[in-house]
Every structure is written in structure tokens, then in C-alpha cells.
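Here the structure is laid out as C-alpha cells; the discussion comes afterwards.
Residues take their numbers from the sequence shown, with the count starting at 1.
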Amino acid sequence: MIINGVRAAYRTIRTSNGNGVIAEVQYAPSGPWECVGGPHTVFADDASARRAIQNHVAADWSKRTNQGR
């Protein structure tokens, strides 16, 4: 996924009880996976998880571009 020029890998993982999806994003091929929305955030389905991933990546990009101001 590429958002605002930022390339990020993402994955969604179905919870063991099947009640939702956990979303994670990775910015470098060997970098750590980050939970989207915090460590215990569970999304209802893949579509809502992907929207949250897009928002997460866009927010990280925005935060980095505004740090020097």
C-alpha cells in the first residue's frame, strides 16, 4: 500500500475467537510490525481494518512532515 508516497506493508489477522480482525502495518521490510489503533484494538471486519490502516499511515506521514515546523 502506498499513501502520500509512503510504502507500507500491512496485514490483517482474524482473532482466535472469530469476533474481529487485528490490523498491523510495517514500514521497512525487516522492521517491526505496528498495531493499528493500539495493542488491543479489534476491528469488525477487513474493510474497517483497511480504512484504519490507511488513516494510520496517512497520520504517520503527516506527523513526520510537520516535525520540522
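- Contacts of R11 classified as side-chain contact (heavy atoms from CB on, under 4.5 Å), with partners at least two apart in sequence or in another chain: I13, E24, W33.
- Y27 approaches V57 most closely through the heavy-atom pair OH-CA, 3.6 Å.
- Residues satisfying the side chain to side chain donor-acceptor pair (under 3.5 Å) test with R14, not counting sequence neighbours, are none.
- What you find for V25 and A8 is that their closest heavy atoms are CG2-CB, 3.6 Å.
- Listed by chain and residue number, T12 satisfy the side chain to side chain donor-acceptor pair (under 3.5 Å) test with D46 (two or more places apart in sequence, or in another chain).
- Looking at residues two or more places apart in sequence or on another chain, you find a side-chain contact (heavy atoms from CB on, under 4.5 Å) between D45 and A47, S48.
- F43 is listed as a side-chain neighbour of V36, based on a closest heavy-atom distance under 4.5 Å.
- Residues passing the side chain to side chain donor-acceptor pair (under 3.5 Å) test with N17 are T15, sequence neighbours excluded.
- T41 meets the side chain to side chain donor-acceptor pair (under 3.5 Å) test with no other residue; sequence neighbours excluded.
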